[in-house]
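Working notes, beginning with the structure itself.
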Amino acid sequence: MNVLKEKNLPKVAFICVHNSCRSQIAEALGKHLAKDVFESYSAGTETKPQINQDAVRLMKEIYQIDMEKTQYSKQLSEIPPADIVITMGCNVSCPSIPCKYREDWGLEDPTGADDEKFEQVILDIHKKIEQLAQNINDILNKSN
């Protein structure tokens, strides 16, 4: 991972087709768990009128984060250029987005699944956010 060494935090874009569930969860958890390491954004190639309501409910229950107060479904053109692009594993061809590093997390879409499946995806995203933050910290510390 080759990330900027500037004062500005690296910008991470979490990308999914509809920007209504996994990418929104990742943006919220990035802001919650790693706001001192990177800036979090999410976007999609399409949008939905609202964030997935199961994701909203469970993020409130687990983290006390109200995604509807701080986030909305956005298209790629609505976010700043990203240093790091994380795709959620949408099994579709993602548009080419300029970045310094790209990774696919291969997460199954929990839309329509039970709470247990949703909670597992949220936990997987939580772990991946922590690992991403650690990787960025390691790189930034090596370059200082």
Report the residues that fulfil side chain to side chain donor-acceptor pair (under 3.5 Å) with K11, sequence neighbours left out, ordered by chain and then residue number. none
Under the side chain to side chain contact (heavy atoms under 4.5 Å, CB included) test against M59, which residue among N52, D54, L29 passes? L29
Between S73 and K48, is there a donor-acceptor pair closer than 3.5 Å when you use the side chain of the first and the backbone of the second? yes
For atom CD of E116, decide whether the heavy atoms of other residues, nucleotides or ligands shown that lie under 6.0 angstrom number more than 12. no
Between T87 and D104, does a side-chain hydrogen bond (donor to acceptor under 3.5 Å, both in side chains) hold up when you go through it step by step? CA-CA 5 Å; T87 52; D104 183 78; 2.6 Å; yes
For F38 and G30, work out which heavy atoms get closest and say how close. CE1-CA, 4.1 Å
Would you find a donor on one side and an acceptor on the other, under 3.5 Å apart, between the side chain of E130 and the backbone of L33? no
Pairs of donor and acceptor atoms involving the side chains of residues 117-125, under 3.5 Å and at least two apart or interchain, shall be tabulated with distances.
unit_1: Q120; atom_1: NE2; unit_2: D124; atom_2: OD1; d: 2.8

State whether the number of non-hydrogen atoms from other residues, nucleotides or ligands found under 6.0 Å of Q75 atom CD is greater than 12. yes
Just how far is it from atom CD of Q134 to atom CG of L132, taken to the nearest 0.5 Å? 10.5 Å
Separation of Q24 CD from S40 OG (nearest 0.5 Å): 11.5 Å
To the nearest 0.5 Å, what is the distance between CZ (F14) and CD1 (I129)? 3.5 Å
Before you tell me yes or no, could you show the steps for R57 and D115 under side-chain contact (heavy atoms from CB on, under 4.5 Å), namely the whole-Å CA-CA distance, both residues' side-chain angles and the distance that decides it to 0.1 Å? CA-CA 10 Å; R57 175 177 53 82; D115 282 3; 2.7 Å; yes
Tell me whether the rings of Y63 and H32 are parallel (<30°), tilted (30 to 60°) or perpendicular (>60°). perpendicular
Ion pair R22/E27, N-O distance below 4.0 Å: no
With side chains defined as the heavy atoms from C-beta onward, is the minimum distance between L76 and I97 less than 4.5 Å? yes
Nearest 0.5 Å please: distance from the SG atom of C21 over to the CD1 atom of I51. 10.0 Å
Can a donor-acceptor pair be found, under 3.5 Å and without considering hydrogens, that links the side chain of E46 to the backbone of H18? no
Quick one: does any side-chain atom of N19 pair with a main-chain N or O of T47 as donor and acceptor, under 3.5 Å? no
Atom SG in C99, atom CD1 in I84: separation rounded to 0.5 Å? 8.5 Å
Out of curiosity, does Y72 fall in the hydrophobic cluster containing I25 (side-chain heavy atoms, cut-off under 4.5 Å, transitive links)? no
Any luck finding a side-chain donor-acceptor pair between E68 and Q53 under 3.5 Å? yes
What are the two closest non-hydrogen atoms of V37 and L9, and how far apart are they? O-CD2, 3.6 Å
Can you measure from CD1 (I15) to NZ (K74) and round to the nearest 0.5 angstrom? 9.5 Å
